[in-house]
Amino acid sequence: MLLFRLRTTMLLAAVCLFVASGVSTETVTTCVDADNPHHLECENGVISVQSALYGRTNNVICSEGRPPQEFNNTGCSQSGTGNFVKNRCNGKKVCEISTNDVISPDPCFGTYKYLQTNFTCVPAIHLIACEHSYAHLNCDQGQVISVIGAHYGRDNKAVCFASRPPSQVENVYCSNPTQVAQSCNGKNSCTIKASNSVFGDPCYGTFKYLELSYVCEYPSKLPPSKIIVKET
Ligand SMILES: *[C@@H]1O[C@H](CO)[C@@H](O)[C@H](O)[C@H]1NC(C)=O
Ligand SMILES: *[C@@H]1O[C@H](CO)[C@@H](O)[C@H](O)[C@H]1NC(C)=O
């Protein structure tokens, strides 16, 4: 009986460990002239991009049916792609990037390129505030807000569409990353109005929304700049 209990406990412990470390990295690769956009999606949690590459560092990926000279250059990457994809996708549940968006300038003319992103799905509070309404960010006592990502605009027809004419919801290529929400970082609660007066107007005539993800954390005792490094 004791042995049985022990085994059950160990099994539970193993399951918990798996859940705790269950943030696995996913890789999505899209050949540059693919019909489908680069599509990142989290069933649970929100996207947190680790790294992204536009170019070619591998001679197997996206090589099928191409002449060798289009994939034998494996030293090609566009700088800034990581930050570009982080800005576009961090904090979202679904994120699509057309490979056209990252094409210029061409980092290696004549080479057949791909866009590859490594990301994890991290647990977070995910909220949407339709234009003119307010997003309320709240943490438990003693905890503070840390924004993972925020976007103002529209990338989905089926969000904030009630009683709106089609013309106001059909533009789904208007999702602007915004740093404004970072002003909530370090606060216990925070309210942001989803409006052009706060974020500017990225697409006139479209009814927009604020999509925002954040986590609640215990504040670190000392800000990084004040950590004293002991000299040895
Ligand atoms: C993604 O992860 C894989 C496996 O670790 C690695 O081979 C690849 O280079 C990574 N891609 C990027 C864009 O960092
Ligand atoms: C790729 O192949 C072409 C044609 O065979 C050759 O001219 C070129 O030097 C090769 N490039 C690399 C990086 O190997």
Side-chain angles (χ1 to χ4, degrees), residues 14-126 146-151 153 155-156 172-179 181-182 185 211-215 217 224:
V15 168
C16 288
L17 204 69
F18 176 74
V19 170
S21 64
V23 221
S24 60
T25 303
E26 296 185 42
T27 303
V28 171
T29 306
T30 309
C31 307
V32 94
D33 63 356
D35 290 334
N36 304 322
H38 194 59
H39 180 98
L40 314 183
E41 182 160 358
C42 286
E43 207 172 305
N44 296 306
V46 300
I47 297 164
S48 174
V49 171
Q50 312 294 296
S51 55
L53 168 93
Y54 174 65
R56 171 175 292 281
T57 58
N58 177 301
N59 61 8
V60 177
I61 294 168
C62 297
S63 66
E64 208 184 300
R66 316 293 305 192
Q69 64 271 22
E70 286 189 7
F71 59 82
N72 66 349
N73 170 11
T74 55
C76 168
S77 63
Q78 176 136 288
S79 65
T81 306
N83 282 336
F84 177 83
V85 180
K86 280 177 192 174
N87 266 328
R88 286 282 293 264
C89 297
N90 275 3
K92 289 190 180 187
K93 287 187 152 296
V94 179
C95 181
E96 293 200 333
I97 297 178
S98 156
T99 49
N100 291 322
D101 293 352
V102 286
I103 273 176
S104 62
D106 191 333
C108 47
F109 186 75
T111 292
Y112 185 57
K113 292 166 280 285
Y114 54 83
L115 176 60
Q116 183 177 72
T117 301
N118 286 345
F119 70 102
T120 56
C121 294
V122 297
I125 301 158
H126 176 253
S146 175
V147 172
I148 296 178
H151 297 82
D155 64 1
N156 189 333
V172 291
Y173 301 103
C174 172
S175 185
N176 254 32
T178 167
Q179 298 301 311
Q182 306 286 337
N185 286 347
E211 177 176 13
L212 187 152
S213 293
Y214 68 101
V215 292
E217 311 177 319

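FYI, side chains are in, hydrogens and waters are out, and symmetry mates aren't considered; it's all heavy atoms of this structure. For ligands, and for the atoms within them, numbers begin at 1 and follow the listed sequence.
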| task | Taking all heavy atoms of N36 and all of T30, pick out the closest pair and write down the distance. | result | O-CG2, 3.7 Å

| Between Q116 and H38, is a side chain to side chain donor-acceptor pair (under 3.5 Å) present by the stated rule, with each step listed? | CA-CA 8 Å; Q116 183 177 72; H38 194 59; over 6 Å; no

| task | Keeping the roles fixed (side chain from R56, backbone from Y112), state whether a donor-acceptor pair exists under 3.5 Å. | result | yes

Side-chain donor-acceptor contacts of residues 88-97 below 3.5 Å, not counting sequence neighbours, with atom names and distances?
{"unit_1": "R88", "atom_1": "NH1", "unit_2": "D101", "atom_2": "OD2", "d": "3.4"}
{"unit_1": "R88", "atom_1": "NH2", "unit_2": "D101", "atom_2": "OD2", "d": "3.1"}
{"unit_1": "N90", "atom_1": "OD1", "unit_2": "V49", "atom_2": "N", "d": "2.8"}
{"unit_1": "K92", "atom_1": "NZ", "unit_2": "D155", "atom_2": "OD2", "d": "2.8"}
{"unit_1": "K92", "atom_1": "NZ", "unit_2": "S175", "atom_2": "OG", "d": "2.8"}
{"unit_1": "K93", "atom_1": "NZ", "unit_2": "G45", "atom_2": "O", "d": "3.0"}
{"unit_1": "E96", "atom_1": "OE2", "unit_2": "H39", "atom_2": "ND1", "d": "2.6"}

| Is there a side chain to side chain contact (heavy atoms under 4.5 Å, CB included) between Y54 and V85 once you walk through the steps? | CA-CA 10 Å; Y54 174 65; V85 180; over 6 Å; no

| said: Using 0.5 Å steps for rounding, measure from the OG1 atom of T29 to the CG atom of L115. | reply: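 Reported to 0.5 Å precision, the distance equals 8.5 Å.
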
| query | Protein residues near ligand 1, heavy-atom distance below 4.0 Å? | reply |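 Contacting ligand 1 under 4.0 Å are S51, A52, L53, Q116, N118.
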
